[in-house]
Amino acid sequence: MSFYVVDVALPVPLLRTFDYLPVEGDARENYQPGQRVRADFGRQLLTGIVLGTRDSSEVPTNKLKPLLARLDDAPLLAPRDLSLARWMSDYYHHSLGDVLEHWIPTMLRRGAGLNEADESGWQRIASPNTEPALKGSKQLALWQQFQRQEYIAHRFLTAQGFSLAQCRKLAELGLIEEQTRLPVPALPESVRPALQLNDEQASAVKKVSDVLGQFKACLLEGVTGSGKTEVYLQLIDKVIQQGKQALLLVPEIGLTPQTVRRFQERFNVPVALLHSGLNDRERLQGWRQAREGQARILIGTRSAVFTPLPDLGLIILDEEHDGSFKQQDGLRYSARDFALVRAHQAQVPVLLGSATPSLESLHNALTGKYLHLKLTRRAGNARPPGMKLHSILHQPLVHGFAEPVLTAMQQHLNRGKQVLVFLNRRGFAPLLACKQCGWNAECRRCDARMTLHQYPPHLHCHHCDYQQPVPKVCPECHSPDIEPIGQGTERIEDHLSALFPQTPVKRVDRDTVRTKQAFDDLFEEIHTGDPCILVGTQMLAKGHHFPDVTLVVILDSDAGLFSADFRGMEHSAQLIKQVAGRAGRAESPGDVWIQTLYADHPQLNLLIDDGYHALALSILRERLDQQLPPYSHMAMLRSECEDRAMAQRFLEQARYILQHWLKQYGQKDAPVTLLGPVPAIMERRNGRYRFQLQVFCSERKALHQTLDAALKQLQELKGFNKVRWHIDVDPLDTL
DNA sequence: AGCACGCCGACT
DNA sequence: GTCGGCGTGCTC
Ligand SMILES: [Zn+2]
Ligand SMILES: [Zn+2]
């Protein structure tokens with residue numbers, strides 16, 4: 001038997017893989033890329049992924065340890081999965097072992113067998129024509145079930161009132177036997193017919209259908225209510241009919257029961273779901289249903305983009321501009337960008353849908369890199385909501401509302417309609433201050449103010465979660481004259497209850513709807529259509545449509561207008577449009593009133609008068625001038641440390657190292673440039689000082705080469721053990 | 001990232 | 001004397 005080693009990726013943050021001797025006596029052909037193995041690593045036990053075998057190792061033989069066990073015979077991951085993981089490891093400068101953790105459900109990472117997703121049930125083994133002499137009528141009824149279906153999961157039988165004893169009796173008679181299987185999602189009782197498409201929708205379906213079977217990125221830019229979902233449904237139908245699987249990715253908050261039901265009721269195929277509300281076993285089940293091909297449609301949130309699909313035919317990413325597609329810690333990947341890479345590998349189209357596309361995607365569509373599909377008309381020829389800026393500069397406000405806004409609210413309520421008040425700030429008030437000495441309640445761990453909450457009363461830092469009781473008197477001057485300044489959703493709810501005593505006021509934010517279930521329940525309630533006022537944060541803006549809301553009031557659009565972040569205006573506009581789109585339907589179009597101190601703000605006016613697309617073009621011109629994304633590529637190094645000087649010094653070192661490599665890899669027409677280190681906008685958070693260093697280049701390759709080389713040296717730096725740092729490729733924000 | 005080793009100050 | 005603080009180094 002000849003010598004060989006197994007190359008293993010382990011879940012440790014080291015940018016290399018590890019050689020192991022095989023399990024004692026295990027033949028080389030037993031090792032295939034994608035299997036799980038147990039490895040003795042340092043002083044810990046880890047589950048790793050086999051990448052391959054080699055004749056020899058660079059590592060001295062006496063340092064090589066044998067693997068403790070091979071956990072799979074058949075590889076868990078296919079070569080295509082491994083090659084995608086390698087791409088991700090390179091692109092995000094993250095360890096391959098850590099990256100591979102994202103491909104595998106938690107249970108399997110802990111070494112569980114695939115069959116632990118199975119559930120018990122009974123398989124008919126006798127001919128369905130058998131007419132056994134059965135005593136009880138219940139037993140006969142049970143046998144009749146099996147005459148119709150040859151396999152029934154145990155939980156369905158208990159749900160119908162059959163007992164384990166009755167099943168065992170049939171088993172004793174040789175009619176059925178116990179068998180465990182992977183549960184398959186139920187099919188709908190009846191399939192709903194497709195809707196009639198308008199010509200724009202039909203054209204979009206046609207254009208994407210034409211490129212099925214090849215890679216093509218498509219941007220579906222469709223105004224709210226223009227019927228994007230119907231386009232998705234009809235494309236998925238085509239994909240299924242070709243015997244392929246469809247992957248639909250949605251933002252976390254968009255995976256509502258209504259949406260899911262719409263997909264499930266349309267197709268006579270199993271639909272698998274993967275979202276954060278599932279337990280480990282349910283996740284494993286969904287993953288296997290997708291990977292083993294039982295599920296033909298997979299609907300999931302960000303992390304579902306990794307799920308192996310043997311017959312992938314189409315990827316759809318809805319609300320593609322949504323920030324939740326970018327992971328904000330650990331492996332900072334963008335599910336949108338990865339979906340493109342995956343679609344390219346599988347040679348299938350990827351469809352990005354949004355009413356307010358990200359400037360990256362819009363730019364790619366405008367330059368012809370993506371197919372640009374537009375839906376400009378609302379279904380049923382509904383008029384778009386009328387948006388109106390209402391200046392509150394030098395205007396008296398009644399509990400945060402301008403008088404004409406309150407009048408409009410009353411009018412809509414009188415007509416038996418619902419009103420939505422949007423305020424992206426939870427709590428009672430964003431500030432508690434002393435009238436006598438000017439003291440502000442600030443977080444002791446952050447450069448931020450504490451938010452005052454009243455239900456129940458406490459001060460809460462939304463940046464680090466630090467909480468403390470509300471002081472009775474000013475801690476500085478002991479005056480009892482301390483008061484809340486500004487409005488949060490709690491306070492607006494109070495004010496509205498006083499202003500409209502006859503109308504129920506419902507608050508929707510993270511504090512009132514803690515669970516997905518609570519949100520779904522509240523949503524059902526709102527859907528009865530009874531007049532009410534909804535007050536809420538961006539929770540209200542995403543995912544759900546409220547057909548009985550005919551007036552939307554936006555209270556604090558100003559926060560984003562002067563953001564320090566270069567994407568601030570883009571995100572503000574997306575949010576305003578999204579909130580506005582919650583209102584109205586065909587027969588009763590909605591009104592949208594935006595209270596603002598800056599009614600002259602040119603970009604805000606552009607958004608209101610000419611729409612998102614026009615504003616987007618204007619912002620793109622600014623980005624071009626400033627050579628910001630999408631006209632350059634960016635990576636960000638962030639450091640944080642309780643010791644301010646240490647955090648800063650780390651990035652100064654990083655700058656020094658980067659400066660060396662960018663001379664080598666930067667080109668004359670594509671230089672690599674550095675910005676920083678500078679303190680983060682909120683310099684101290686959770687007791688740690690934060691700094692950042694931005695790296696730009698118009699060429700991805702040079703940027704990555706520079707980062708790669710610098711990263712190796714950064715990891716070797718000594719004396720920075722207390723500094724926490726990371727690289728964020730294509731960061732979402734620079735705050 | 002873990003985890004252990006090792007070298008210094010302040011306790012029984 | 002030793003308990004434990006955290007700086008340093010290593011993991012096939
Ligand atoms: Zn005071
Ligand atoms: Zn804080």
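Throughout, protein chains are lettered first and strands after them, A, B, ... in sequence-line order, and every chain is numbered starting at 1. Worth knowing before you read on, the calculation uses all heavy atoms, side chains too, and leaves out hydrogens, waters and symmetry mates.
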**Prompt:** Would you call Lys722(A)-Asp643(A) a salt bridge at under 4.0 Å N-O?
**Reply:**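 Salt bridge absent between Lys722(A) and Asp643(A).
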**Prompt:** Is the shortest side-chain N to carboxylate O distance from Glu101(A) to Arg109(A) below 4.0 Å?
**Reply:**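 A salt bridge links Glu101(A) with Arg109(A).
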**Request:** Cation-pi check, Arg623(A) to Phe566(A): give yes when NZ or CZ is under 6.0 Å from the six-membered ring centre and within 45° of the ring axis, no otherwise.
**Result:**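 Not flagged: Arg623(A) not positioned over aromatic ring of Phe566(A).
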**Prompt:** Do Val729(A) and Arg332(A) come within less than 4.5 Å of each other through their side chains, counting heavy atoms only?
**Reply:**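 Answer no - side chains too far apart.
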**Request:** Side-chain contact test, heavy atoms from C-beta onward, threshold under 4.5 Å: evaluate it for Arg426(A) versus His462(A) and give yes or no.
**Result:**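 In short, these two side chains touch, coming nearer than 4.5 Å.
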[X] [atom1] to [N] [atom2], straight-line distance once rounded to whole Å:
| X | N | atom1 | atom2 | answer |
| --- | --- | --- | --- | --- |
| Asp7(A) | dT11(C) | CG | P | 17 Å |
| Glu642(A) | dC6(C) | CD | P | 10 Å |
| Leu10(A) | dT11(C) | CG | P | 13 Å |

**Prompt:** Which residues within residues 711-720 of chain A lie with some heavy atom under 4.0 Å of an atom in DNA chain C?
**Reply:**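 Here the set is Lys718(A), Gly719(A).
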Between the protein and nucleotides 1-3 of chain B, list every N/O to N/O distance that falls short of 3.5 Å.
none

**Request:** Scan Asp40(A) against the nucleic acid and name what it touches under 4.0 Å (heavy atoms): base, sugar-phosphate only, or nothing.
**Result:**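 Contact class for Asp40(A): sugar-phosphate only.
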**Prompt:** For Asn721(A) and dT8(C), is the shortest distance between a side-chain N/O and OP1 or OP2 below 4.0 Å?
**Reply:**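 Yes, Asn721(A) has a side-chain N/O under 4.0 Å of OP1/OP2 on dT8(C).
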**Message:** Looking at Lys65(A), I'd like to know whether one of its side-chain N or O atoms comes within less than 4.0 Å of OP1 or OP2 on dC12(C).
**Reply:**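 So the side chain of Lys65(A) is within the cut-off, an N or O lying under 4.0 Å from OP1 or OP2 of dC12(C).
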**Prompt:** For DNA chain C, what are the stems built from at least three Watson-Crick or G-U pairs in a row, each pair having both distances below 3.5 Å?
**Reply:**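 In DNA chain C, stems of three or more pairs: B:1-11 with C:1-11.
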**Message:** Strictly distance-based, threshold 3.5 Å: is any side-chain N or O of Gln245(A) a donor or acceptor partner for the main-chain N or O of Ala295(A)?
**Reply:**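 At least one qualifying donor-acceptor pair exists.
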**Request:** Report yes or no: does Arg283(A) contribute a side-chain atom to a donor-acceptor pair with the main-chain N or O of His275(A) at less than 3.5 Å?
**Result:**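 Between the backbone of His275(A) and the side chain of Arg283(A) there is a qualifying donor-acceptor contact (under 3.5 Å).
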**Prompt:** So, Tyr333(A) versus Trp87(A), ring centres under 6.0 angstrom or not?
**Reply:**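 Distance test on ring centres: not under 6.0 Å, no.
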**Request:** Evaluate the ring planes of Trp103(A) and Phe306(A), with Trp represented by its six-membered ring, and classify them as parallel (under 30°), tilted (30 to 60°) or perpendicular (over 60°).
**Result:**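 Plane angle between 30° and 60°, so tilted.
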**Request:** Look at the rings of His453(A) and His460(A) and say which category their plane angle falls in: under 30° parallel, 30 to 60° tilted, over 60° perpendicular.
**Result:**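 Tilted.
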**Request:** Check Arg291(A) against Leu76(A) and note the closest heavy-atom contact, atom names and distance.
**Result:**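 Taking every non-hydrogen atom into account, NH1-O, 2.7 Å.
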